Amino acid sequence: MLLPRSPSISWCWRKRRPSSLSGPLSSRATRSHQAHRLQPRPSRRSPSRLSAVASQCSPSVRSSWQLLLIIRSSSSRGYTKKGMKIACTQPRRVAAMSVAARVAREMGVKLGNEVGYSIRFEDCTSERTALRYMTDGMLLREFLSEPDLASYSVVMVDEAHERTLHTDILFGLIKDVARFRPELKVLVASATLDTARFSTFFDDAPVFRIPGRRFPVDIFYTKAPEADYLEACVVSVLQIHVTQPPGDILVFLTGQEEIEAACEMLQDRCRRLGSKIRELLVLPIYANLPSDMQARIFQPTPPGARKVVVATNIAETSLTIEGIIYVLDPGFCKQKSYNPRTGMESLTITPCSKASANQRAGRAGRVAAGKCFRLYTAWAYQHELEETTVPEIQRTSLGNVVLLLKSLGIHDLMHFDFLDPPPYETLLLALEQLYALGALNHLGELTTSGRKMAELPVDPMLSKMILASEKYSCSEEILTVAAMLCVNSSIFYRPKDKLVHADNARVNFFLPGGDHLVLLNVYTQWAESGYSSQWCYENFVQFRSMRRARDVREQLEGLLERVEVGLSSCQGDYIRVRKAITAGYFYHTARLTRSGYRTVKQRQTVFIHPNSSLFEEQPRWLLYHELVLTTKEFMRQVLEIESSWLLEVAPHYYKAKELEDPHSKKMPKKTGKTREELG
DNA sequence: GAGCACTGC
C-alpha cells in the first residue's frame, strides 16, 4: 500500500452486478429498445401502447430492471377521452415535478397543460391536464373527495419497491377500487426483482420486465469484518484515492455527526499527507445541511482533483450526483422504529438491507463502469443482511392513516387488505387514541369531529388541538404552534464553531409556559422581521424549516373554514393557547413524582429533553408532543399545564381522583410548583 | 445534559 504509516484494508472481488446493457442509450433509443423487448405474457395488450406508458416512468426506475403489472385491463384505448385522467405517483415531490417536466418536454406541450404535476403547496395542473404526476400522499388525499377515483382511467404507482407508507396504503385502496371498477387500469412499477409478491397481491397480475440502462459495477467485500467502520471508511477513501483511476467517491454514513467526524478525519489526513497525494475535495451532504452547503456537491470536480461526497441515505434515492465512479458502503443506516406498546419512537443505527446495499452500489454505475467497496464480508452480505428493508407501515404510528381509512368508510381495519399488515398493536393503539380524542364513537364509527379531523393533513392530536382552538378563541396562535410542530427537524441551527452563540440565541426565545410558546415566539418574531432569511441567520434559526412552517400554516389556515373554525387571536392570553394544546394532547401527559416524571396513564418513567426550555424548571404537570427513545426516554417539546385543565378538556378521560397529588408535601423544594403559584 | 436517517399530506 502506498500510504505511509497507514493501515490498509484488503478487499476481495466477488461478482459483477448483472447488467442488462453495457452502455447508455439515448432516451429515444432506450424507448425503442424497451418497446422491442416488451413481450407481455397475455396477448390482450399491445406492446407499443405499453411502451408509451413505460416511457413515462421516472428516469430512476427506467435506469434499472423494473416490473410493470397491469390488472383489470379490458378496455385498451382512449384513456384520456371524456375528461378522464392518468395518474402517476412518485414518493417524492422533486421526482413528481421533474418527471412531469421531462414528459411535457418530450411531448412538446407546456407543463401544466396536458401534462402537469400536483404536490402539496403546489398545483401545476389545469382543466386540460390528462397526465397528472403527483406524490403518493397527494393521491391518497384525493380519495377523500373522490373515493372511487372516478375521474381516473389509469393509475400508475411508480417506485413501488420503496414501500413508503403512502404507497402501501394506496395499494390496498386501489385494489379495492379496481374490484368494482373493472375498466380501471392499474400499473405498479418497481425496480426490484421481487415481482411475485406484487403480482400475487394484485390478483396474479401479469408481470413485464423492462431492461433499463446501467453500467456494470464491480463489488468488493472486505476479507474480514471491520471493527471501527468510521476509521475503515477514512482509510478506504484514501486507498481508493491513491490507487484508483480518476472518478469521484460516494460514501454512505448514517447521520450528521458521523459525517462531520469522517470529513474532519479525511481533511486532517490529507493535510498531513500534503503534496504526496493529489487534491481530495471532501464534501458532506445531509438533509439538514444549509442549502448553500448542499449545492457544493454538484459543482464539477476541478481537473486533477478528486471529489469525495460523504452522505446519508439522501444520496441513495433523493439526489443523484454526477461523476460518481466509486461507492463506499459500510452497510449501516439510521432507521425509525415504533413501539406500539409504549407509543415511543426511536431512531437506531441498523444494518441496511440487501436491496438498500444494491441501490447504493448502483450509484457507482450511472455514468460509466464503477466499483463498489463494501465494508463487510461477502458472507455477511449473504447471511446477515435482510433481503429488503422492513416497510414503513410496520415501523411507524398510524393515527392519521387509521383516521383517513375510517373516513373512507373502511370500518374493519384489522382485515384491510395490506400488502404487509402493520402490527396489530399499532392499529389498536391508533384506534384507542382516536376514541379518546372523540374522533370515533364506542362503535368505532367516525364522529362529526373525527370527520373534520380527517380533513386536516396532520396527526390526530394536532388536528384535535386545532379544532379546540375555536372554543378558546386562539386559532391564530394555535395554527402557528401546529405548523411549527409539523416541521420535524430542529428549528435551531447549531454550527459547531458557534455553539455558545447559537445556544444563547435559543435561550433568548424562551417564554414561561414551555416549548410550544417558544415555538410560537420564534415564528411571531420571524413574521415581524418580514419572514427574512437574514433574521434567521442572525438568530441561528433554520430558514428552510421556517419557510416550511409558513407553507404548512398557510395550508392549515386555508382549511379552517372547512372544519368550521374561525380565525381569532388570544391577544397575549397564553393560558387559552395552553388549554387548546391540552385539549389535543391530554393523552400525552406526565406528572412529577418523587422518582421523576411518570406518564399519567401508563406510569412510564420519562425525562424532559435537555434542549427543552423547561429542562431546569421541573413543573409538576407536563404535556409532551412526543416521546423519543435515545439514551433515555425523552419527552420532546413539553408544555407546563395544570391538572384541572385535564378535567376541563377531557372529563371523559380523566377522573378527579387520579389527578390528586397526595405527595405534594414531599416534593423537592423549589420544584413542583406551577408558574402561577410562583407568581 | 443530549444529538435530528429520509420522505410525505
Side-chain angles (χ1 to χ4, degrees), chain A residues 89-96 118-123 134-145 159 162-170 252-261 285-289 311-319 332-337 345-350 352 356 359 389 391-393 395-396 399-401 403-404 453-460 462-463 482-483 486-494 496 499 502-503 506 542 545 548 551-552 555-556 558-559 607-612 615-616 626 628-637:
Chain A
T89 72
Q90 297 290 330
R92 282 168 293 281
R93 296 159 51 88
V94 217
S118 180
I119 57 181
R120 190 183 187 183
F121 312 130
E122 208 181 326
D123 186 14
M134 54 175 85
T135 45
D136 46 12
M138 203 67 188
L139 185 61
L140 204 52
R141 281 272 142 196
E142 285 206 3
F143 271 88
L144 276 177
S145 49
E159 312 272 15
E162 290 192 26
R163 301 294 304 277
T164 69
L165 174 62
H166 292 155
T167 295
D168 269 23
I169 305 295
L170 276 180
F252 285 99
L253 291 177
T254 65
Q256 179 176 349
E257 207 174 301
E258 249 178 45
I259 289 173
E260 281 171 0
I285 179 90
Y286 44 87
N288 257 344
L289 193 74
T312 58
N313 259 4
I314 195 171
E316 196 178 297
T317 47
S318 303
L319 50 90
F332 292 97
C333 63
K334 268 192 192 165
Q335 221 177 60
K336 194 170 91 171
S337 56
E345 285 184 342
S346 48
L347 202 57
T348 41
I349 297 180
T350 43
C352 65
S356 175
Q359 177 75 24
T389 311
E392 191 184 1
I393 195 169
R395 299 184 279 115
T396 189
N400 44 5
V401 164
L403 190 59
L404 181 82
M453 284 166 65
E455 293 278 339
L456 301 172
V458 293
D459 279 335
L462 219 45
S463 29
C486 281
V487 177
N488 217 13
S489 55
S490 176
I491 297 293
F492 298 103
Y493 176 55
R494 296 181 82 216
K496 255 186 153 182
L499 280 186
D503 286 344
R506 192 167 59 91
Q542 299 256 24
S545 305
R548 207 183 136 67
D551 286 341
V552 174
Q555 188 193 24
L556 292 176
L559 290 166
F607 302 87
I608 299 182
H609 196 278
N611 278 352
S612 166
F615 182 64
E616 286 168 352
E626 58 183 355
V628 205
L629 177 68
T630 50
T631 52
K632 280 182 184 172
E633 290 84 359
F634 284 114
M635 300 179 275
R636 247 182 348 211
Q637 314 290 13

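Given the structure is predicted, the values throughout are model-derived calculations rather than measurements. In the text below, chain A, chain B and the rest are named by the order of the sequence lines, each starting its count at 1. Note: hydrogens, waters and symmetry copies are ignored here, and every other heavy atom, side chains too, is used.
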Whole-Å distance separating the CZ atom of A:Arg92 from the P atom of B:dC9: 12 Å
Per atom distances to the A:Arg93 side chain, the nearest of B:dG8, B:dA2, B:dT7 is B:dG8
For A:Glu257, does the CD atom have more than 12 heavy-atom neighbours from other residues, nucleotides or ligands under 6.0 Å away? no
In whole angstroms, the gap separating P of B:dA2 from CZ of A:Phe492 amounts to 20 Å
Using modelled atom types and a 3.5 Å cut-off, is there a donor and acceptor pairing between side-chain atoms of A:Gln90 and backbone atoms of A:Ala96? no
Rounded distance (Å) that lies between atom P of B:dT7 and atom CG of A:Asp136: 13 Å
A:Thr317 side chain N/O closer than 4.0 Å to the phosphate oxygens (OP1, OP2) of B:dC6? no
Touch check for A:Ile349, heavy atoms < 4.0 angstrom, all strands: base, sugar-phosphate only, or nothing? nothing
Determine the contact category for A:Arg163: base if any of its heavy atoms lies under 4.0 Å from a base atom, sugar-phosphate if only primed atoms, P, OP1 or OP2 are that close, otherwise nothing. nothing
CE of A:Met134 versus P of B:dG8: gap in Å, rounded? 15 Å
Using modelled atom types only, decide if a donor and an acceptor are shared between the side chain of A:Glu633 and the backbone of A:Leu629 within a distance under 3.5 Å. no
Report which part of the nucleic acid A:Gln256 touches: base, sugar-phosphate, or nothing (heavy-atom distance under 4.0 Å, all strands). sugar-phosphate
Shortest side-chain distance from A:Phe615, nucleotide among B:dA2, B:dG1, B:dC6: B:dG1
State whether A:Arg141 places a side-chain N or O below 4.0 Å from either non-bridging phosphate oxygen (OP1 or OP2) of B:dG8. no
Return the value, rounded to whole Å, for the distance between atom CD of A:Glu626 and atom P of B:dC4. 10 Å
Answer with base, sugar-phosphate or nothing: what part of the nucleic acid does A:Ile314 contact at a heavy-atom distance below 4.0 Å? sugar-phosphate
Return the nearest nucleotide to the side chain of A:Thr312; candidates are B:dC6, B:dC4, B:dG8. B:dC6
Side chain of A:Phe634: nearest nucleotide among B:dT7, B:dA2, B:dG1? B:dA2
A:Ser318 side chain, from C-beta outward: closest of B:dC9, B:dG8, B:dC6: B:dC6
Sugar-phosphate only, base, or nothing, as touched by A:Lys632 at under 4.0 Å among non-hydrogen atoms: nothing
Distance, rounded to the nearest Å, where A:Glu142 contributes CD and B:dG8 contributes P: 17 Å
Nearest-neighbour nucleotide for the A:Lys334 side chain, B:dC9, B:dA2, B:dA5 considered: B:dA5
Report the residues that fulfil side chain to side chain contact (heavy atoms under 4.5 Å, CB included) with A:Ser356, sequence neighbours left out, ordered by chain and then residue number. A:Glu316, A:Cys352, A:Ser353, A:Arg360, A:Thr389
Would you check if the side chain of A:Arg395 reaches a backbone N or O of A:Lys336 as a donor-acceptor pair within less than 3.5 Å? yes
Let me know, please, whether A:His166 or A:Leu629 comes out on the 5' side of the other along DNA chain B by nearest nucleotide. A:Leu629
Quick one: label A:Thr164 by what it contacts on the DNA or RNA (base, sugar-phosphate, nothing), any heavy atom closer than 4.0 Å. nothing
Whole angstroms only, please: what is the CZ-P distance between A:Arg506 and B:dC4? 14 Å
Under the rule for side chain to side chain donor-acceptor pair (under 3.5 Å), what residues qualify as partners of A:Ser337, not counting sequence neighbours? A:Ser346
Given DNA chain B, 5'-ward residue of the pair A:Leu347 and A:Arg120, judged by closest heavy atom: A:Leu347
A:Glu159 has an atom CD; how far is it from atom C1' of B:dG8, in whole Å? 15 Å
Base, sugar-phosphate or nothing for A:Asn313? Non-hydrogen atoms, less than 4.0 Å. nothing
